[in-house]
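Throughout, a chain's letter reflects where its sequence line sits, starting with A, and its residues are numbered from 1.
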Amino acid sequence: MLDETHLVSTNLSASDVPEAQPSQAPPSTITPQLQNVVATANLEIRIDLNIVARQARNADYKPKRFTAVVLRIREPKATALIFASGKMVITGARSELDARLAGRKFARIVAKCGYHPKFLDFKVQNIVGSADVGHCIRLEGVERHIRLEDVDKPVNQRRGAAYDPDIFPGLVLRWMDPRVVFLVFVSGRVVITGAKTREQLYEGFRKVLPYLKYYVIEGLAQPVRKKKKKKKQHSQD
DNA sequence: TCTCTATAAAAGACCA
DNA sequence: TGGTCTTTTATAGAGA
């Protein structure tokens, strides 16, 4: 049951919405944790994926299913999609540095298959982070607040706020500056995605936090975080 | 317990 | 031309 003592009534106008600007909020000590870094790089060689699939130990290649070889390493933990063009996508790394290190390791694996790969154009494409604001959040309030604040803005400058718990239990917030997307849950846990740099991710979280802090559900304890299930192990390295 | 729902991003083949 | 496929990761509901 949500706490109905909050200020938002059913007939609010934009001017009734309380200010929730970062400048008015105390500085946050909550730092989002990086959970996944996706990056690309170019090995600058044409590759026979059948050869890599045969010779690399942790390779999955099902050309009818997908056009790349999947390589996995444990340290740093990461997965790569290697394409015949020599382009590579690195996923699953916990930091930008790990993604780069992993990328170089994947290049070395390709080299062991008889190629002379380069390692060019390394670029971080997406960073996913998560954070816990420390209390439960009234998602309808946040959604409504954002919509009302943006009602006078041109459509292309509006932040998107979508909450339909019948479809997905999280509030989807599309921020414009920086361009990141938040998934906000009643539990107070937040997923941030779409950032190109960790600075963007931190800045986005810093800007959205006052809204989440404002719509605290008083007296509702955060659910205990479930233990992470162990994911099915793929081939070993 | 697994799969699906939703989010971002890249790669490149393939199909309508 | 644009959608789908695959991979990763946090998050959390519903349903099989």
Distance alone, cut at 3.5 Å: any donor-acceptor contact between the side chains of [X] and [Y]?
X	Y	answer
A/E149	A/Y211	yes
A/Q33	A/S130	no
A/K112	A/Q55	no

Go through residues 82-90 of chain A and report each residue with a non-hydrogen atom lying under 4.0 Å from DNA chain C, sorted by number.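 Those residues whose heavy atoms fall under 4.0 Å from DNA chain C, taken from residues 82-90 of chain A, amount to none.
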Tell me whether the OP1 or OP2 atom of [N] has a side-chain N or O from [X] closer than 4.0 Å.
X	N	answer
A/R72	C/dT8	yes
A/R65	C/dC5	no
A/K77	C/dT9	yes
A/R189	C/dA12	yes
A/T79	C/dT7	no
A/R94	C/dA10	yes
A/S130	C/dT11	no

Across the strands shown, which category fits [X] at heavy-atom distances under 4.0 angstrom: base, sugar-phosphate, nothing?
X	value
A/K123	nothing
A/V128	base
A/V172	sugar-phosphate

Any ion pair linking A/K207 and A/E203 (charged N to carboxylate O, less than 4.0 Å)?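 Counted as a salt bridge, because a side-chain N and a carboxylate O are separated by less than 4.0 Å.
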Would you work out how much the helix from B/dT1-C/dA16 to B/dA16-C/dT1 bends between its ends, with each end axis defined by five base pairs, to 10 degrees?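 Taking five pairs per end, the axes differ by 70°.
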Kindly check if the number of other-residue, nucleotide or ligand heavy atoms within 6.0 Å of NZ (A/K153) is above 12?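 More than 12 heavy atoms, drawn from other residues, nucleotides or ligands, come within 6.0 Å of this atom.
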Taking the ring of A/F168 and the ring of A/F185, is the distance between their centroids below 6.0 Å?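 A/F185 vs A/F168: aromatic centres under 6.0 Å.
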Flag, side chain of A/N42 to backbone of A/L120, donor-acceptor distance under 3.5 Å: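 Answer holds: no.
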No-H, no-angle donor-acceptor pair, A/T40 side chain to B/dA10 base, under 3.5 Å: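 Not at all, since no donor on one side and acceptor on the other fall under 3.5 Å apart.
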Short N/O separations, protein against nucleotides 14-16 of chain C, under 3.5 angstrom:
none

Can you spot which of A/R158, A/R159, A/Q157 makes a side chain to side chain donor-acceptor pair (under 3.5 Å) with A/D150?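 Answer to the side chain to side chain donor-acceptor pair (under 3.5 Å) test with A/D150 among A/R158, A/R159, A/Q157: A/R159.
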Whole-Å gap separating P (C/dA12) and CG (A/D164):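 Atom-to-atom, A/D164 to C/dA12, this comes out as 18 Å.
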